[in-house]
Amino acid sequence: MWNPPDPKTFNPMVWMIAKQIPEGQVSTYGQIASIIPPPEGVAPPDYRRLGARWVGTAMNATPANEGVPWQRVINSKGEISLPAGTPGAHQQRTLLEAEGVEFDDKDRVNFEHFGWDGPDETWLKKHGLFTPRPIKKSGGKPQQPKLL
DNA sequence: CGTTTGACTACGC
DNA sequence: CGCGTAGCCAAAC
């Protein structure tokens, strides 16, 4: 746990969680944030947005040699969040496609197929973390098209 | 030390 | 479903 909103602690935690993402799957900034307990004084609704930004900042500061799969973290829309056209964005897409992650014609990843469900409960409990909130799914496929 | 920018989201239209 | 706007924080200028 971490009482104060200390980025020095927050960042490594983000990277640690990112390392749990299996190859061929993707997570989102918001999802990772939802795994980390919000600091005191920050309401969960606010933290959801704040945390996402913090995670983004953390990923931006990701050490290159730590083996952190930074490419598996994308935004809630399912698309690469680095500015299009930058080398980083291109590299991220290349890395993901090499893992088997597919992009549609709108350059977006379908969370239904490649979305990450989060770390094992055992792992989460071991580190005192929360169960991630389900990733927002695009379109939303009706589970039972209720035919009548 | 004030300003601007950013690897975000939710919400309204 | 796509586009624009508001909110909030930390890091970079």
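Values below: all heavy atoms of this structure, side chains included; hydrogens, waters and symmetry mates excluded. Every chain is numbered from 1 and lettered A, B, ... according to where its sequence line falls, protein lines coming before strand lines.
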When you measure from the side-chain N and O atoms of A/Lys106 to the phosphate of C/dG2, is any distance below 4.0 Å, counting only OP1 and OP2?
yes
Tell me which nucleotide among B/dT9, B/dA7, C/dG2 gets nearest to the side chain of A/Trp70.
B/dA7
Pairwise P distance, C/dG7 and B/dA7 [rounded to whole Å]
22 Å
Between A/Ile74 (CD1) and B/dT9 (C1'), how many Å, whole number?
14 Å
Taking B/dT9, C/dA10, B/dG6 as options, the one with an atom nearest any side-chain atom of A/Trp54 is C/dA10
Looking across every strand, which nucleic acid part, if any, lies under 4.0 Å from A/Pro45 by heavy atom: base, sugar-phosphate, or nothing?
nothing
What is the distance, to the nearest angstrom, from the CZ atom on A/Arg53 to the P atom on C/dA6?
15 Å
For the side chain of A/Arg49, counting heavy atoms from C-beta on, which of C/dG7, C/dC8, B/dA7 is nearest?
C/dG7
A/Arg93 pairs by side chain to side chain donor-acceptor pair (under 3.5 Å) with which of A/His90, A/Glu97, A/Gln91?
A/Glu97
Look up atom CD1 in A/Ile36 and atom CE in A/Met16, then write down how far apart they are to the nearest 0.5 Å.
7.5 Å
Nearest to the side chain of A/Ser76, which nucleotide is it out of C/dC9, B/dA7, B/dA10?
B/dA10
Which nucleotide, B/dA7, C/dC8, C/dA10, lies nearest any side-chain atom of A/Leu82?
B/dA7
Distance check needed: C/dC1 C1' versus A/Asn110 CG, whole Å only.
15 Å
What contact category does A/Asn75 fall into here, base, sugar-phosphate, or nothing, at under 4.0 angstrom with non-hydrogen atoms?
sugar-phosphate
Quick check on C/dA10: is either OP1 or OP2 less than 4.0 Å from any side-chain nitrogen or oxygen of A/Thr57?
no
Figure out the CE/P separation between A/Met59 and B/dC8, and round it to whole Å.
11 Å
How many angstroms lie between CH2 in A/Trp116 and CD1 in A/Ile32, if you round to the nearest 0.5 Å?
6.5 Å
Do you know which two heavy atoms are closest between A/Thr28 and A/Ser76, and how far apart they sit?
CG2-CA, 4.2 Å
Quick one: label A/Arg108 by what it contacts on the DNA or RNA (base, sugar-phosphate, nothing), any heavy atom closer than 4.0 Å.
sugar-phosphate
Measure the distance from NZ on A/Lys77 to C1' on B/dC11 and round it to the nearest whole Å.
13 Å
If I take atom CG in residue A/Asp107 and atom C1' in nucleotide C/dG2, what distance separates them, rounded to the nearest angstrom?
15 Å
Judged by each residue's nearest nucleotide on DNA chain C, which is more toward the 5′ side, A/Leu50 or A/Asn60?
A/Leu50
Interatomic distance where CZ belongs to A/Phe10 and C1' belongs to C/dA11 [whole Å]
14 Å
